[in-house]
Amino acid sequence: MAKKNMGEMSFLDHLEELRWLLVRSSGAILICATIAFFFSDYIFNEIIFGPKNTDFITYRYFCELSTKLELSEAFCVTELPFNIQNTAIEGQVSLLIWTCITAGFIIAFPYMLWLLWKFISPALYEKERKYAKAFVSIASLLFFLGVLFGYFIIIPMSVNFFATFSVSSEIKNDINIQSYISMIKTSVIACGLIFEMPIIIYFLSKVGLVTPDFLRKYRKYAIVLILIVAAIVTPPDVVSQVIVSIPLLVLYEISIFISAAVLKNKEKEKLNA
């Protein structure tokens, strides 16, 4: 059997499957959020507030690297002049809940990918369904790499820039805790999803919406877009933008290779048909 007959399932059946996908995903997030709750002290003190300390690993690494390369000491962070404060009476309770939910989403991501694969697998060829483990493993790896990239690269650069930027010595930085954590959540999740680019391109190529020629043709526009994104999420210096741009450019080139491989396989299938 090449494909499952999608006509066997009505539109309402598909909606029912989608509903259960969302229910199971929500349940997985809540379970993982509950687990994260018991480690909330570590999550806040060591992970969330880690980039607030001048001895954070990223600051030390860039300082050592700039010293070895005999560059300026601009990458050596000696102080982060800002305080974090809560201004809402229920702020810390709400913060704890949503931080645990965010952690739950990150932890449960591989399971949600597996549920997604089960949802789309009836539309795939029999041999393609065998790649479930590879799909979940690779997509999860890319997501976690993106999360780590956001946490160890994007966030420290952003914290250092915004903490040291000042328009007047009369203004003191007392950062709202919701604003601080919102930046962290947005950075890690956005980077995690951006790193899924090769997986997204794979499926878009499978359905014929994207081709390698299309990606090559618009590569220069993609490079400009990547540089713009890097400029937005990093401090206004060339080195920081390059550091962020390189992984995104590599992902784009990998996506071209993947799209070409998909197109090649489709051509082989047509010849063998």
(request) Might you point out which heavy atoms bring Phe143 and Phe105 nearest each other, and give the distance in Å? (result) CZ-CE2, 4.1 Å

(request) For side chain to side chain contact (heavy atoms under 4.5 Å, CB included), just list the numbers for Tyr59 and Asn53, CA-CA rounded to whole Å, side-chain angles, deciding distance to a tenth of an Å, and then say yes or no. (result) CA-CA 9 Å; Tyr59 303 139; Asn53 301 320; over 6 Å; no

(request) State plainly whether one hydrophobic cluster holds both Leu263 and Ile199, where clusters connect Ile, Leu, Val, Met, Phe, Trp and Tyr through side-chain heavy atoms under 4.5 angstrom apart. (result) no

Side chains of residues 93-100: which donor-acceptor pairs under 3.5 Å do they make with residues two or more places apart or in other chains?
from: Thr99; atom 1: OG1; to: Leu95; atom 2: O; distance (Å): 2.7

(request) Using atom types as modelled and distance alone, determine if a side-chain donor or acceptor of Asn83 lies under 3.5 Å from a backbone N or O of Asp174. (result) no

(message) When you group the ILVMFWY residues by side-chain heavy-atom contacts below 4.5 Å and let the links chain together, are Tyr202 and Ile254 in the same group?
(response) yes

(message) So that I can tick it off, tell me whether Glu253 and Arg219 are bridged by a salt bridge, with the cut-off set at under 4.0 angstrom between side-chain N and carboxylate O.
(response) yes

(message) Rounded at 0.5 Å granularity, tell me how far CG in Leu30 sits from CD1 in Ile35.
(response) 11.5 Å

(message) Would you compute the distance between atom OG1 of Thr54 and atom CD of Glu79 and round it to the nearest 0.5 angstrom?
(response) 9.5 Å

(message) Using a 6.0 Å cut-off, check whether atom CD1 of Ile89 has over 12 heavy atoms from anything other than its own residue.
(response) no

(request) Kindly indicate whether the side chain of Ile153, heavy atoms from C-beta on, has any atom under 4.5 Å from the side chain of Phe62. (result) yes

(message) Please tell me whether Ile57 and Ile155 are part of a single hydrophobic cluster in this structure, the criterion being side-chain heavy atoms less than 4.5 Å apart.
(response) yes

(request) Spell out, yes or no, whether Val23 and Trp117 are grouped together once hydrophobic residues are joined by side-chain heavy atoms under 4.5 Å, including indirect joins. (result) no

(message) So, taking the atom named CD1 in Ile200 and the one named CG in Leu251, what distance separates them when rounded to the nearest 0.5 Å?
(response) 10.5 Å

(message) As an exercise, state the distance from OH of Tyr218 to CG of Asp213, rounded to the nearest 0.5 Å.
(response) 11.5 Å

(request) Hey, could you give me each pair passing side chain to side chain donor-acceptor pair (under 3.5 Å) that has a residue in residues 18-45? Not counting sequence neighbours. (result) Glu16-Arg19, Glu16-Trp20

(request) Of all the heavy-atom pairs spanning Trp114 and Val136, show the shortest one and how long it is. (result) CA-CG2, 3.8 Å

(message) I'd like to check Pro51 versus Thr58 (side-chain heavy atoms, cut-off strictly below 4.5 Å). Are they in contact?
(response) no

(message) Taking salt bridge (Lys or Arg N to Asp or Glu O under 4.0 Å) as the definition, give me every residue that meets it alongside Glu46, ordered by chain and number, with sequence neighbours left out.
(response) none

(message) Tell me whether Phe203 shares a hydrophobic cluster with Val262, the cluster being built from Ile, Leu, Val, Met, Phe, Trp, Tyr side chains joined at under 4.5 Å.
(response) yes

(request) Starting from the C-alpha separation in whole Å, work towards a yes-or-no answer on side chain to side chain contact (heavy atoms under 4.5 Å, CB included) for Val147 and Cys191. (result) CA-CA 6 Å; Val147 168; Cys191 286; over 6 Å; no

(request) Flag yes if more than 12 heavy atoms outside Lys118 fall under 6.0 Å of its NZ atom; otherwise flag no. (result) no

Under 3.5 Å donor-acceptor pairs involving side-chain atoms of residues 179-188, not counting sequence neighbours:
from: Tyr180; atom 1: OH; to: Ile48; atom 2: O; distance (Å): 2.7
from: Thr186; atom 1: OG1; to: Ser182; atom 2: O; distance (Å): 2.8
from: Ser187; atom 1: OG; to: Met183; atom 2: O; distance (Å): 2.8

(request) Quick one: list whatever passes side chain to side chain contact (heavy atoms under 4.5 Å, CB included) with Tyr61, sequence neighbours left out. (result) Leu65

(message) Using the ring centroid of each side chain, check whether Phe56 and Tyr151 are separated by less than 6.0 Å.
(response) yes

(message) Set out, in order, the CA-CA distance, both residues' side-chain angles and the distance that settles side chain to side chain contact (heavy atoms under 4.5 Å, CB included) for Phe214 and Leu204, then state yes or no.
(response) CA-CA 12 Å; Phe214 174 85; Leu204 291 178; over 6 Å; no

(message) Can you confirm if the NZ or CZ of Lys52 lies within 45° of the ring axis of Phe82 and under 6.0 Å from the centre of its six-membered ring?
(response) yes

(message) Let me confirm one number: the CD-CZ distance from Gln92 to Phe44, rounded to the nearest 0.5 Å.
(response) 8.5 Å

(request) Work out which heavy atom in Phe162 is nearest to a heavy atom in Asn173; give both atom names and the distance. (result) O-ND2, 3.7 Å

(request) May I ask you to check whether Phe149 and Phe195 place their ring centres under 6.0 Å from each other? (result) yes

(message) So, taking the atom named CZ in Phe135 and the one named CG in Leu116, what distance separates them when rounded to the nearest 0.5 Å?
(response) 5.0 Å

(message) Tell me every residue that passes side chain to side chain contact (heavy atoms under 4.5 Å, CB included) with Ser259, counting only those two or more places apart in sequence or in another chain.
(response) Ile201, Ser205, Val210, Pro212, Leu215

(message) Is any side-chain heavy atom of Ile256 closer than 4.5 Å to one of Tyr252?
(response) yes

(request) Mark yes or no for whether Gln85, through its side chain, and Ile177, through its backbone, hold a donor-acceptor pair below 3.5 Å. (result) no

(request) Would you name the heavy atoms of Gly91 and Asn86 that are closest together and state the gap between them? (result) CA-OD1, 3.5 Å

(message) Minimum heavy-atom separation for Ile226 and Leu249, please, with both atom names.
(response) CD1-CD2, 3.6 Å

(request) Give the minimum heavy-atom separation between Tyr111 and Ala28, together with the two atoms involved. (result) CD2-CB, 3.4 Å

(message) For the CZ atom on Phe37, are there more than 12 heavy atoms of other groups (residues, nucleotides or ligands in this structure) within a distance under 6.0 Å?
(response) no

